Every structure is written in structure tokens, then in C-alpha cells.
Amino acid sequence: MSTVLRPASPATAGTGPAARALPRRAGRRAVRAASLLGFVGLWQLLTSHQARLWVRFDHLPTALQVWDAFGRQLGTGQYWQDLTDSLRRIGLGFLLAAVLGTAIGVLTARSRWAADLLGPVLELVRPVPAIALVPVAIMLFPENEQGIVFITCTAAFFPITVSTRHAVRAVPPRWEEAVRTMGGGRARVLASVVLPGALPGVVGGLSVGIGVSWICVISAEMVSGQYGVGYRTWQAYTVLDYPGVFVGMATIGLLGWLTSGAVELAGRRLTAWLPPRPGDTDARGDGR
């Protein structure tokens with residue numbers, strides 16, 4: 001007996017997983033937008049009425065004053081130059097940290113000699129905050145620009161290294177044994193098993209590293225920089241330009257959000273072959 005295939009009726013054509021995911025994504029975006037608007041509205045309410053609760057909101061600029069200052073700065077070349085300087089420092093420092101941190105993380109996880117030689121030094125230096133290395137950077141490098149990139153790289157290096165090391169060690173040994181039984185050597189095991197298997201953990205380290213990099217590059221710009229968002233924010237504070245301070249803070253937050261989102265998006269693309277997690281069926285296309 002043959003089976004007759006009939007096209008889906010209009011009533012059921014729009015009830016698939018993709019169609020059901022659209023309202024959920026729209027709902028999530030609406031909640032996030034409402035959260036931001038509520039935060040800004042509460043800020044405006046408390047500062048405009050000069051509320052004094054546990055903290056003194058009467059000393060803070062209102063949201064509208066910050067918005068006006070932000071609009072004025074957008075029309076200046078200085079703002080965009082500072083933006084470019086900070087992004088260049090983050091890009092160089094984070095790229096170096098990603099390459100070095102991933103390589104050393106894999107090396108210390110796969111080689112006992114490397115773990116014995118490098119492990120004690122890494123564990124000794126890792127608890128030191130990257131911003132505490134500003135005096136060292138000033139002594140090591142002849143220019144402030146090189147020192148800021150060094151601090152940014154150091155900040156991201158350790159989260160990436162530690163995450164990579166743990167991710168490589170968590171790869172099931174059976175995967176390696178399967179490749180070795182088929183004649184694969186160490187290079188084949190590394191390229192076909194270890195790196196793909198550890199990739200989700202590496203991406204997690206990169207995501208953490210980019211956030212820590214922003215914290216440290218802004219701090220380094222405040223201490224020893226001549227240009228950049230951090231330097232300009234601190235300069236605004238020294239001249240009591242409080243709306244300018246909040247413009248700098250908002251700029252830092254936006255830059256951090258965009259760069260972190262770019263890293264996570266690249267990570268989702270690289271790990272698209274992984275099976276979706278429970279409750280994450282509609283996050284592959286949207287995610288955030």
C-alpha cells in the first residue's frame with residue numbers, strides 16, 4: 001500500500017520549532033529592552049529628585065545630562081580618537097594573550113616537562129593583579145603604549161591559559177585511543193581530538209579574558225596613558241566634569257559588551273557542531 005504525502009495545511013505550517021522560537025526570541029528582547037529602560041528611568045528619577053537614601057544620588061548627574069554630554073562628545077574628533085586608541089590596545093593585547101594562552105595551556109596540559117617547568121612560575125604570577133604590573137611595565141618598556149598592551153595581554157593571558165589547560169585535560173582518553181588504534185600519531189590526535197574537544201573550554205576562557213582585558217586597559221590608561229577612553233574618563237573626573245565621567249563609563253560598557261559579544265558569537269560559530277544543550281534549542285540562531 002502506497003503512502004500519499006500531503007502538503008502541510010496553512011493551519012499547521014506555522015507551528016514548527018522555528019516558528020515557535022520567534023515569539024520567544026521577541027519576548028526575550030522585549031524583556032531586555034525593558035530592563036535597560038527601567039534602569040535608566042530609575043536613575044533619572046532618583047538623580048532629578050536628588051534622593052538621599054543609603055547613598056547620595058544628589059551628587060550624580062541625571063541621565064538626561066549624561067545623554068546631552070554624550071551627544072556633544074560624539075561630534076568631536078577627540079572622542080573617536082580615544083575610542084580607536086583603546087580598541088587598538090585591546091585588540092593587540094587580547095590577540096597576543098589568545099595565541100600565547102592557548103598554546104601554553106595546551107602545552108602544560110599535554111606535557112609533564114612543560115607543566116613542571118612552567119607551572120610553578122605561572123601559579124606564582126597568576127594571583128598578581130595585572131594592574132599591579134604598571135610599575136613593572138613602566139620599567140620594562142620605553143613607551144607607555146607598549147606597557148599598556150603588555151598589561152592588557154597579561155590580564156587576558158591567565159584566564160585563557162587556565163581554561164585551556166583544564167579543557168584539554170577533560171578530553172576523554174577514549175577519544176585519543178580511538179584515533180591511535182587507527183594509526184594516528186601525536187599530531188593527528190592533537191588536531192583531530194584534543195583541540196576540537198577542548199574548544200568549548202577555550203572559548204569560555206576567551207570570553208572571560210576579553211572582559212578582564214577591558215578592566216585592566218582602562219585602569220592602565222588612567223594611571224599611565226595619554227589617550228584612550230580610560231584616560232579621558234579620569235581627566236573628566238579631575239576637572240569635575242561628572243557627566244563626562246559617566247559618558248566614559250557608558251562608552252566602556254558598550255565597548256566591553258560589543259567585544260564580548262563578538263568573541264561569544266565567534267565561539268558559537270566554531271562550536272556549532274556540538275549538540276544543543278537542553279532548553280537551548282532556540283539559542284543557536286539568537287543566543288543573545
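Source: prediction; values computed, not measured. Residue numbers count from 1 along this sequence.
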Exercise. In sequence, state the C-alpha distance, the side-chain angles, and the governing distance for Thr233 and Phe246, and then conclude on side chain to side chain contact (heavy atoms under 4.5 Å, CB included).
Key: CA-CA 8 Å; Thr233 302; Phe246 277 81; over 6 Å; no
Practice problem: Nearest 0.5 Å please: distance from the CZ atom of Arg89 over to the CD1 atom of Ile148. | Solution: 4.0 Å
Quiz prompt | Closest approach of Gly230 to Glu221 (non-hydrogen atoms, all atoms of both residues) | solution = N-OE1, 2.8 Å
Practice problem: Sequence neighbours left out, what pairs pass side chain to side chain donor-acceptor pair (under 3.5 Å) with at least one residue falling in residues 236-251? | Solution: Tyr79-Thr251
Quiz item: Between Ala220 and Ile151, which heavy-atom pair has the shortest distance, and what is it?
Solution: CB-CD1, 4.0 Å
Quiz item: Which pair of heavy atoms, one from Pro61 and one from Thr47, lies closest together, and at what distance?
Solution: O-CG2, 3.7 Å
Quiz item: With Asp58, which residues qualify under salt bridge (charged side-chain N to carboxylate O under 4.0 Å, His left out), at least two apart?
Solution: Arg52
Quiz item: How far does CZ of Arg165 sit from CG of Leu122, to the nearest 0.5 angstrom?
Solution: 7.0 Å
Exercise. Identify, with sequence neighbours excluded, every residue that meets side-chain hydrogen bond (donor to acceptor under 3.5 Å, both in side chains) alongside Arg72.
Key: none
Quiz item: Between the main-chain N or O of Ile160 and the side-chain N or O of Ser163, is there a donor-acceptor pair closer than 3.5 Å?
Solution: no
Quiz item: So, for Ala97 and Cys153, which heavy atoms are closest and what is the spacing to 0.1 Å?
Solution: CB-O, 3.4 Å
Quiz prompt | Interatomic distance, Phe157 atom CZ to Leu100 atom CG [nearest 0.5 angstrom] | solution = 6.5 Å
Practice problem: With sequence neighbours left out, write down each residue that passes side chain to side chain contact (heavy atoms under 4.5 Å, CB included) with Val128, or none if nothing qualifies. | Solution: Ala132, Leu133
Quiz item: Which pairs count as side chain to side chain donor-acceptor pair (under 3.5 Å) when at least one residue sits in residues 126-141, sequence neighbours excluded?
Solution: Glu123-Arg126
Exercise. Could you note down all residue pairs passing side chain to side chain donor-acceptor pair (under 3.5 Å) where residues 93-117 supplies at least one of them, sequence neighbours left out?
Key: Arg110-Glu176
Exercise. Check whether Leu265 and Leu255 end up in the same hydrophobic cluster, where Ile, Leu, Val, Met, Phe, Trp and Tyr are linked by side-chain heavy atoms less than 4.5 Å apart.
Key: no
Quiz item: In this structure, are over 12 heavy atoms from other groups packed under 6.0 Å from Trp43 atom CH2?
Solution: yes
Quiz item: Going hydrophobic residue to hydrophobic residue with side-chain gaps under 4.5 angstrom, can you get from Leu95 over to Leu92?
Solution: no
Exercise. Applying salt bridge (charged side-chain N to carboxylate O under 4.0 Å, His left out), name anything that partners Asp85, two or more places apart in sequence or on another chain.
Key: Arg88
Quiz item: Rounded to the nearest 0.5 Å, how far apart are OH of Tyr227 and CG of Asn144?
Solution: 11.0 Å
Practice problem: Could you tell me the separation between the CD1 atom of Ile104 and the CZ atom of Phe158, rounded to the nearest 0.5 Å? | Solution: 9.0 Å
Quiz item: Which distance, rounded to the nearest 0.5 Å, do you find between the CD1 of Ile252 and the CG of Leu83?
Solution: 10.5 Å
Quiz item: Between Leu258 and Phe70, is there a shared hydrophobic cluster once you connect ILVMFWY residues whose side-chain heavy atoms come closer than 4.5 Å?
Solution: no
Exercise. Apply side-chain hydrogen bond (donor to acceptor under 3.5 Å, both in side chains) to Gln73 and list each qualifying residue two or more places apart in sequence or on a separate chain.
Key: none
Quiz item: If two hydrophobic side chains count as joined below 4.5 Å and joins carry through other members, does Trp54 share a cluster with Leu45?
Solution: no
Self-check item: For Phe141, all residues meeting ring pair (Phe, Tyr, Trp, His ring centres under 6.0 Å), sequence neighbours excluded
Solution: Phe150
Practice problem: Name all residues meeting the side chain to side chain contact (heavy atoms under 4.5 Å, CB included) criterion together with Thr84; count only those two or more places apart in sequence or in a different chain, and write none if there are none. | Solution: none
Quiz item: Same cluster or not: are Leu240 and Leu60 linked, directly or through other Ile, Leu, Val, Met, Phe, Trp or Tyr residues, by side-chain heavy atoms under 4.5 angstrom apart?
Solution: yes
Side-chain donor/acceptor pairs under 3.5 Å, residues 205-219, sequence neighbours excluded:
unit_1 : atom_1 : unit_2 : atom_2 : d
Ser207 : OG     : Glu264 : OE2    : 3.1
Ser213 : OG     : Gly209 : O      : 2.8
Trp214 : NE1    : Thr259 : OG1    : 2.8
Ser219 : OG     : Ile215 : O      : 2.8

Quiz item: Just one of Leu199, Leu107, Val203, Val202 clears the side chain to side chain contact (heavy atoms under 4.5 Å, CB included) bar with Thr164, so which one?
Solution: Val202
Practice problem: Scan residues 194-204 for pairs that pass salt bridge (charged side-chain N to carboxylate O under 4.0 Å, His left out), counting only residues two or more places apart or in two chains. | Solution: none
Exercise. Flag the pair Trp67 / Val40 as yes when at least one side-chain heavy-atom distance between them is below 4.5 Å, and no otherwise.
Key: no
